[in-house]
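This report refers to the structure that appears directly beneath it.
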Amino acid sequence: MTPTAARATARHAAPPLVAVQDLAIAFDGHEVVHDVSFTLRPGQCVGIVGESGSGKSVTARALLGLNGPGAQVSATTLDVGVDVLTASEQALREVRGRRLGYVLQDALVSLDPLRRVGTEIAEPLRVHGVPRAERPQRVQELLASVSVPEPALRARQLPSELSGGLRQRALIAAALALDPQVLIADEPTTALDVTVQAQILELLQQNLAAGRALILISHDLSVVERLADHVLVMHHGRVVEEGPTSQVLAAPQDPYTRRLLAAIPSAGSRGRRLSDLPPAPISLSPRAERARADGTTGADELARPEGGTGADAARRPVGREQADGPGPATSRPVLVAEGLSKSYRGPDGRLRRVVEDVSFQLCAGETLGIVGESGSGKSTAAAMALALTEPTAGHVTLDGEPWTGIPERRRRPRRRRIAVVQQDPLSSFDPRWTVGRTLADALPSVRRERGTGPARDGSGGDRTARIAALLRAVGLDPALAHRHPLTLSGGQRQRVAIARALATDPEVLVLDEPVSALDVSVQAQVLDLLADLQQALGTAHLFISHDLGVIHHVSDRVLVMQHGRVVESGTADEVLHTPRHPYTRQLVAALPHPELEEIA
Amino acid sequence: MTTLAPPAPAPAAAQETAPAPGRARRRRPARIRPGLVAAGAVVAVVLLAALVPDLLAPHDPLEISLSESFAPPSAEHVFGTDQSGRDVYSRVVHGARQSLVIGIGATAIGLAGALVLGLLGGLGGRIADGAVTRVIEVLYAFPGILLALILIAVYGNSAVTQMVAVGLATMPGYARMVRGQVLVVRGSAYVEAARALGHPPVRILLRTILPNAFRPLTVLVTLGIGQAIVWAAALGFLGMGVQPPTAEWGAMLNAGRTYIQQAWWMDLFPGLTIVLFTLSLTVLGRHLQRATDAGALR
Amino acid sequence: GGAAPAAELPAGTREGGELIFATDREPTCLDPHNSGDMPQTYIARQYLDSLVSMRPDGSVVPWLAESWEISEDGLVYDFTLKQRVRFHDGEVLDADAVVANFDQIMDPATQSSTALLYLSPYFVSSESLSEHVVRVTLKRPYSPLLTVLAQAFFGIESPKAMGRGLTANCEAPVGTGPFKVVEWRRNQEVVMVRNEDYTSAPADARHQGPAYVEKLTWRFLKDNTARYGALRSGAVHAIFNLPPEQVPTAQADDRVRTQDFVHSCVPFALDLNTTNTALGDRRVRRALVHAADAPGIVTSAYAGVFPYEGNAISTGTPFYDEAYHQPYPYDEARANALLDEAGWTGRDEDGVRTRDGQRLTLRLPYASDPGETPPADLTILQNFQAMERRVGVDVQLIPTDAASLTAIRRDPTAFDIRAGYWNSPTAGVMYIKFSQETYEIDNGQNVSYAYDEELDQTLLEAAATTDPERQQELYSRAQELLTDQAWHIPLYPIQTRLAIRSDLVADIWIEPSEGEPVLHDAHLLRDGDPR
Amino acid sequence: MLARRVLTTLASSALLLWAVATIVFFLQHLVPGDPALTILGGASANPPEETLEAVRAQYGFDQPVLVQYGHFLAGLLVLDLGESYTMKQSVVSIVAEQITPTLQLTGAALLIAWAFAIVLTLATAGRPGRWGRLGAAVEVVCAALPHFWLGVVLLVVFAVVLQWLPVVDDGPAGLVLPALTLGIPLGGFLAQVTRDEFDAALRQPFVLSALSRGARPGQVRRRQVLRHAALPGIALSGWGLGSLISGAVVVEVIFSRQGIGQVLVAAVTAQDLPLVIGVTFVVAVVYVVANILSDLASVLVDPRLRHAIGRAS
Ligand SMILES: Nc1ncnc2c1ncn2[C@@H]1O[C@H](COP(=O)(O)OP(=O)(O)OP(=O)(O)O)[C@@H](O)[C@H]1O
Ligand SMILES: Nc1ncnc2c1ncn2[C@@H]1O[C@H](COP(=O)(O)OP(=O)(O)OP(=O)(O)O)[C@@H](O)[C@H]1O
Ligand SMILES: [Mg+2]
Ligand SMILES: [Mg+2]
């Protein structure tokens, strides 16, 4: 409470550094930001939250006059020290970097990959006339000031030689080079591991303490909660709610804000629905359906239930209560991995172990979570479980039969029992195909079912019906079948990917970061959908994520991976409430705001 | 002759990067672009000329008229006449077929060879890939003109030899591109998805890998056809072009070169035709690629 | 010794300087004894002297040979050489040196095509009678011998230099001429400098003693546009072979003077291969000539720059007979009638004549290298093809590379028509092209694969007589016989056409044996340094 | 590590050269015609059969092709490429003499091509509307220009009519037109490649990032975007230099320049096997060297490649 109070006093004393009144931004006559107003005073932090595409970044760029030639920006006031709307290009360039420091959203690609980090940081110094001789010294100081170890060495390195966290820091250092009064940080912590994320937030906090003003943009409420004095909640280009942070988060007035808060998964949200959408209406029994499919192939559409409201489904599924206890152990293991290892030859020709001695069991109806930082070998382990990558050592069995170590030919008939939702949904679709064709490709071909010639697709009507059913099952409009994946939103793509996985009616579903590319509200819908599906179909889920909150929300049991090894495993609550391994402890400690759980 | 089909730059994986969510949805509706229409018209007229030249040409392209040589453009001869008094316009019209045959034929040969090499390299594993890379290197290191000259010396000068010669000369460029592209596609998540679905390799190859690997070739191919015509014309400069008096654009351009100071029309019109045609093909090709790239965004 | 030539020069001109002469074709060997291609003689004329020099009227005057005596029976020639003449390498010119030259030329290893065609049928031996007297003995009388020896092909080279072997001699031959070869930069130029000790100019030279210009650069500018452009821009002083398409502009430019010379030769002609069944029939051959409109196709292709010539020899050849200038006028009806008469009455779907199911198709291979077949010649071939098409004869033009063409030359089944010419200072050239002897040697000169006993007798007799009237009579008869046979379709006489920047250089002239440009007398005008 | 990399490069280059020479050897043997005739003076010679026999025996043409190939390889090992049939000179000396002007020409052309591509890209790439489209059209047209035509037009306009430049000249002035003739089409091609890349790079966040620090747009285009855009073009330059040699054949004829191109055409058509092999060989060497250079240039522009070089080409 104390730092915020100190800042609060400062804020009323000084004149505003940034004043925005009725800001509207349109592209090609299509308005994407409407009537945004706020002020920023020295030492103050304004947070802007809202889901993807709500206009946060566009608003930030408007402050710098960098919306590009296609943008029409209007406002009654748009003052950042100069009037952005009327100032000359020259005057704006003076302001950029000197008065306003801007940290772009995509930290990993916002540094020119061909320039050394030092050059990048020196750029504002060069542009704003700092003599060449002074620059190297300043660069090192700046790097040191954002806690980059060995600044002299780092300055000489290329962005690709730096980790994500270091890159983000270098970017912040460049923005701070000329000691601007205002720092705009656009999603400074997304795409970073929790541990690194914590460090960046610490850095921004120091910066605030040093008296600079901060505009913090994020879709992550917990991040904003930690730094901002004042919050704007944006939705569809409009500010739907604003006010002091604690007040907005503790007692959200606007339904959208409330939804946003409710959507954050965590230990506390286990068994609860995250979204306010009704549960997906799935009531078919896959096993029964499979039995029917053996006989007939005609109109075996995924049946839809009559009625069925979201009300009771919003309760925790009964099966899950059991699974939480010793349940899974009693049910039948479908996928068993033992001693999986994988090595790759690096560019230097040396072998690198990316997965080492990983074992697990996955039982029917259970969710096994795998958590770990980026590059810890999660996807590789999953690929081995799917037998898409042959393990260097160890083996996998599916339903008790060997799954790895046999020729692909023998695996192919059984492939449909285990399905995958890949890490990056977009790139997992053939870009030429429509959603419908993508799903049709996954449907069992009539030939395979009937064992007859290729006179399939004649029953095009059935397939169309099945595709429509699949789309409805994941809560999508069947009309989307004619769209190309590229034209879909992230959430829609992820649903299509899930629909494709369901098309084969699998017993095991491998979900590799199924929600990491989605913003909270969409993430909530997808997580709810997965829970509904699991309940309805009884599939086993292998759920991979780097987000502890998500993992805790969905998993019955959890594996924690680091550097290719499993460092800790157990039930979700055991592992995440009472972590034993130092790495797990570090992860849990870095979670930004345990108190948000209570708010939600 | 620098302009044979370009070797692939870095495999164009970047094309696939998704636009920020929501951005793609807001593509402009397809406006009718005058450039595109003009390009389409040019290509259509050329195709028409190749199929039914007599529809467009008022004169026999081979009929000489000794008294009318070097006549400047007039109502009777809109593009003028050449050194033998032949009607340049009719020759340009009739030349379309031969030029197209050479251009398309050579490109097809180049592509077919590239396909075999590129697929072998892209799909065949380490050793095959190493071998293919070497073969491509060797073909590159060979001056294209040498290959063409030797082929023509060995097999005689015919449209087929020229097509093969130009096709071979352009092959390594395409091959490198196909190989790179196949490698990219092969490692892509959607191929993995297809494998995870249990599709047999042949089906994955035919339905997923091939179509995607060829997508970026469209522009190259459209460019390549124009280049092949120019290439064959360069052979004509060395006396190895199509047999006179066959009407063919490159050969006409080459013949007109001699008289450029007194009969500019002999060069201008075939030259303009080649350039316009190439330009139109490129415009169409780029449009086509953009359309397929964006996954038909409408 | 270095006479002071400047003193003799007209006012406004100057001594010394560099003369740049550009030509189209580059020889593969500078030594003209080896093989025997025209470009060799043009360069050789600048650094080699011959025994005698030919005048435009066909007579010969002394050069390295001060005088000569011919025996009564015309079989023995005794040449008396100039004294105190030295080769560029310091060797003395004496009778032995001349004998060595004859030996070298006659040696099959030298591959002298000129020797083979001009001398072999007649030559017996050469010997030195004294230090400065050479005797040449012949098998049979050969009246054109002196004019033949006037060609630069028979220029006298240093025996010591010849002793270095063919390859070295090709690269840097050594003679007694007004210029010395310094360097041959392939694909670019031959650099020559003045022979300061030159004393052996021919009797018909415009001045005696060393050349006026100090340096002579003989550039190869293959491309017509570039060659003429170089002249116009003053980068070169004179060019050989002014492209016909540039003649109008050259004539309009008053700084450029053109100079023509009609060779003594068998004109550029389409030789009809009589081993082809169709062409074996004289009616078909005559029909082809009637249909061709030869004057028309020459005029259109050469823009009127080259005259038409329908006779077996050119106007520049001794004993040319005007009567056979245009023996077969353009007459399509006559051509059709002749072809019908010869039995080629059928027509296939393309309108090509047939006989017994056989198409009247004639293959005409030509050198694909544009340097060998210049655009105007290619136009002629195309025009010919189009004209013959009108009477239902299908002529196929087949571009062929040098190596394949060499192969075709010796294979009568590989072609039906070939284009070519033969330069020679005598009317005896008809014998080279159409005689039983050349037919039997099968060396590719008798392209028509045809001979006639009466023709052979007439030409041999003409070569044996020295009486000009008798010669005229006999050579006229030969022209008549050849015309009658229509073994070939003559088109235009070969010309040497120089274009000279008259504001930069003066006194370049063309000698008549092979049309070689003579630069010994050339001198730059005062402001004439182009570079 | 470095030594190993150098060794691999050398070995693969040697392999490449051997393969090229072998292919030419056998291809050239397919050409109809008698090399003995070529040796004895080509088309205008009329050697008697005995002489031909003698030459065939002397050069070993009467031996089986494989034996001839063996001799050829043996010569190749000691870099003895024999003597040209038509020029009666050692192939090595001919090639050594003729390669220099060709390299000057192609080098100058490559410079021009790059200058052209860079200027055009900087001026028009990534600009909306008319300018961008115009730039793109100029590139396509340039890339489609045939050398033989462009050369003549440049020659007539600038040397003959305007007389701004010499028609023929061995000095630098004489290099301008031929180099332009070769350079402009390649420049059009490079510009096409560069423009695509430029457009892509311009959309990268680091551009916005630089602008947000107050950098001038022009400067960002020049100093950052161009660098990215040039990379594929640079990678293609090695190939480009090789292909320029094919183009040099035409340009050397038009501008009457000395050079390997003219020699090559003459040698192939005259069936001068040693010379053909010699020229091909040296062109392959140029290609290999040019590729190494373009790899190095790529590393200069893209330091990330420093670790990757020597791996897959
Ligand atoms: N240059 C542009 N042209 C057209 N539309 C644009 C442009 N830039 C942004 N938009 C649109 O403006 C809207 C707001 O985009 P913005 O980038 O501000 O979203 P955001 O809130 O930052 O989302 P995210 O969390 O994904 O970063 C989106 O619908 C986007 O498609
Ligand atoms: N085919 C491959 N060849 C070489 N190295 C590989 C390959 N696939 C993965 N790796 C390496 O293995 C390590 C683990 O990769 P993996 O994709 O399994 O990580 P992850 O835990 O899924 O990370 P993220 O959270 O970023 O998806 C990484 O360092 C990666 O670079
Ligand atoms: Mg954003
Ligand atoms: Mg992963």
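Note on naming: letters A, B, ... go to the chains in the order of the sequence lines (proteins, then strands), and numbering restarts at 1 for each one. We use all heavy atoms of the structure for the numbers below, so side chains are in, but hydrogens, waters and symmetry mates are not.
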Close side-chain approach of [X] and [Y], heavy atoms under 4.5 Å:
X        : Y        : result
D:Leu180 : D:Ile112 : yes
A:Leu64  : A:Leu92  : no
A:Gln105 : D:Pro205 : no
A:Leu176 : A:Asn207 : yes
D:Ser13  : D:Thr9   : yes
D:Ile292 : D:Asp295 : no
D:Leu111 : D:Trp114 : no

Is it the case that A:Gln157 and A:Arg154 place a side-chain donor and acceptor less than 3.5 Å from each other? yes
Exam field: side chain [X] to backbone [Y], donor-acceptor pair closer than 3.5 Å:
X        : Y        : answer
A:Arg61  : A:Asn67  : no
A:Ser218 : A:Val223 : no
A:Arg116 : A:Arg156 : yes
A:Lys56  : A:Met234 : no
D:Ser209 : A:Ser110 : yes
A:Arg115 : A:Leu111 : no

Atom group of A:Leu66 that falls short of 4.5 Å from chain D, counting heavy atoms: both
Heavy-atom distance under 4.5 Å to chain D: side chain of A:Pro159, backbone, both or neither? neither
With only heavy atoms counted, which part of D:Ala201 is less than 4.5 Å from chain A, the side chain, the backbone, both or neither? neither
Taking heavy atoms only and a threshold strictly under 4.5 Å, list by residue number the residues of residues 94-104 of chain A that touch chain D; give 'none' if the list is empty. A:Arg96, A:Gly97, A:Leu100, A:Tyr102, A:Leu104
Counting only non-hydrogen atoms closer than 4.5 Å, can you tell me which residues of residues 118-134 of chain A sit against chain D? A:Glu120, A:Glu123, A:Pro124, A:Arg126, A:Val127, A:His128
Those residues of residues 212-229 of chain D that come under 4.5 Å of chain A on a heavy-atom basis, listed by number, are D:Ser212, D:Arg213, D:Gly214, D:Ala215, D:Arg216, D:Pro217, D:Gln219, D:Arg223, D:Gln224, D:Arg227, D:His228
Looking only at D:Leu208, D:Leu231, D:Val207, the option with the highest number of non-hydrogen pairs under 4.5 Å against chain A is D:Leu208
Using side-chain hydrogen bond (donor to acceptor under 3.5 Å, both in side chains) as the criterion, list what pairs up with D:Trp18, not counting sequence neighbours. D:Thr22, D:Tyr69
